[in-house]
Amino acid sequence: MKKFLRKVVKSFKKLADAKLLTFAQIITTSMANAVAVFPTPVPTLTDINTAIGNYAELLQLAADRSKVQVVLKNQAKQALLALLSQLTDYVNLTGQGDEGILVQSGIEL
């Protein structure tokens with residue numbers, strides 16, 4: 001019987017703006033609670049939380065559909081997605097296919 005390797009996936013790239021914000025907050029909370037399993041996340045949770053705060057602020061400002069604000073919000077979204085993508089790679093490397101470890105990250109398997 002073939003055993004397959006579990007891993008977290010980058011399905012968050014397709015989330016709508018508000019759902020991405022919530023998802024990112026869940027991930028940072030989960031990772032902070034699992035510091036024994038993920039002691040040195042790359043990028044740091046501080047960097048991700050800073051990007052989340054910036055994105056949340058610009059998301060609110062872009063609600064009036066101003067072109068400038070929407071462009072700034074989209075740039076902040078891409079920056080957050082890049083950080084989350086790096087974090088996903090770190091989780092997969094650290095978890096090494098162990099579902100019990102991976103699930104603690106808050107990222108979908």
Side-chain angles (χ1 to χ4, degrees):
M1 181 173 241
K2 195 174 196 180
K3 184 179 177 184
F4 61 93
L5 192 65
R6 297 292 298 203
K7 65 181 185 173
V8 293
V9 293
K10 299 177 182 180
S11 61
F12 51 82
K13 291 183 176 188
K14 297 179 182 181
L15 292 175
D17 290 338
K19 288 188 179 196
L20 175 63
L21 181 62
T22 302
F23 185 72
Q25 292 167 333
I26 289 169
I27 290 172
T28 56
T29 300
S30 297
M31 293 288 291
N33 290 335
V35 72
V37 178
F38 304 109
T40 55
V42 176
T44 66
L45 295 182
T46 303
D47 290 344
I48 295 172
N49 282 325
T50 300
I52 289 171
N54 185 40
Y55 178 60
E57 181 181 332
L58 291 169
L59 183 59
Q60 188 174 21
L61 291 173
D64 70 355
R65 308 300 298 161
S66 160
K67 270 190 169 186
V68 172
Q69 294 302 328
V70 169
V71 168
L72 292 174
K73 183 257 318 173
N74 288 339
Q75 288 175 337
K77 181 177 183 177
Q78 290 308 311
L80 178 58
L81 287 171
L83 291 174
L84 292 176
S85 181
Q86 290 175 356
L87 185 65
T88 301
D89 293 339
Y90 165 80
V91 168
N92 280 324
L93 184 64
T94 303
Q96 297 182 2
D98 184 332
E99 188 174 359
I101 292 174
L102 297 173
V103 74
Q104 293 180 57
S105 70
I107 306 171
E108 284 185 38
L109 297 180

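Just so you know, residue 1 is the first one in the sequence shown, and it goes up from there.
Residue pairs meeting the salt bridge (Lys or Arg N to Asp or Glu O under 4.0 Å) criterion with at least one member in residues 17-37, sequence neighbours excluded, are Asp17-Lys73, Asp17-Lys77. Judged as a salt bridge (Lys or Arg N to Asp or Glu O under 4.0 Å), not a single pair has a partner in residues 26-51 (not counting sequence neighbours). Counting only residues at least two apart or in different chains, side chain to side chain donor-acceptor pair (under 3.5 Å) contacts with residues 28-39 comprise Thr28-Asn49.
Not counting sequence neighbours, Val35 has no partner by the side chain to side chain contact (heavy atoms under 4.5 Å, CB included) test. Residues meeting the side-chain hydrogen bond (donor to acceptor under 3.5 Å, both in side chains) test with Thr50, sequence neighbours left out: none. By the side-chain hydrogen bond (donor to acceptor under 3.5 Å, both in side chains) test, Asn74 is found to be paired with no residue, residues two or more places apart in sequence or in another chain being considered. Looking at residues two or more places apart in sequence or on another chain, you find a side chain to side chain contact (heavy atoms under 4.5 Å, CB included) between Gln75 and Val71, Leu72. For Leu61, the side chain to side chain contact (heavy atoms under 4.5 Å, CB included) partners at least two apart in sequence or on another chain are Glu57, Leu58, Gln69. When the side-chain hydrogen bond (donor to acceptor under 3.5 Å, both in side chains) test is applied to Lys13, no partner is found at least two apart in sequence or on another chain. Residues satisfying the side chain to side chain contact (heavy atoms under 4.5 Å, CB included) test with Gln96, not counting sequence neighbours, are none. Residues passing the side-chain hydrogen bond (donor to acceptor under 3.5 Å, both in side chains) test with Asp98: none are found, sequence neighbours excluded.
Of all non-hydrogen atoms in Glu108 and Phe23, the two that sit nearest each other are N-CZ, 4.4 Å.
Of the possible polar contacts, one joining the Asn92 side chain to the Val8 backbone as a donor-acceptor pair under 3.5 Å is found. Distance alone, capped at 3.5 Å, is enough to place a donor-acceptor pair between the Ser105 side chain and the Leu102 backbone.
Leu109 and Phe38 end up in the same hydrophobic cluster when Ile, Leu, Val, Met, Phe, Trp and Tyr side chains are linked at under 4.5 Å.
The shortest side-chain heavy-atom distance between Leu21 and Leu80 does not fall under the 4.5 Å cut-off. Looking at Leu15 and Phe12, their side chains come closer than 4.5 Å, going by heavy atoms from C-beta outward.
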Inset, instruction - In sequence, state the C-alpha distance, the side-chain angles, and the governing distance for Ile52 and Gln25, and then conclude on side-chain contact (heavy atoms from CB on, under 4.5 Å). - result: CA-CA 7 Å; Ile52 289 171; Gln25 292 167 333; 3.9 Å; yes

Listed pairs under 3.5 Å, donor-acceptor, residues 82-90 side chains, sequence neighbours left out:
{"unit_1": "Ser85", "atom_1": "OG", "unit_2": "Lys10", "atom_2": "NZ", "d": "2.9"}
{"unit_1": "Thr88", "atom_1": "OG1", "unit_2": "Leu84", "atom_2": "O", "d": "2.8"}
{"unit_1": "Asp89", "atom_1": "OD1", "unit_2": "Lys10", "atom_2": "NZ", "d": "3.0"}
{"unit_1": "Tyr90", "atom_1": "OH", "unit_2": "Thr40", "atom_2": "N", "d": "3.4"}

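For the atom pair Ile107 CD1 and Lys7 NZ, the distance stands at 12.5 Å (nearest 0.5 Å).
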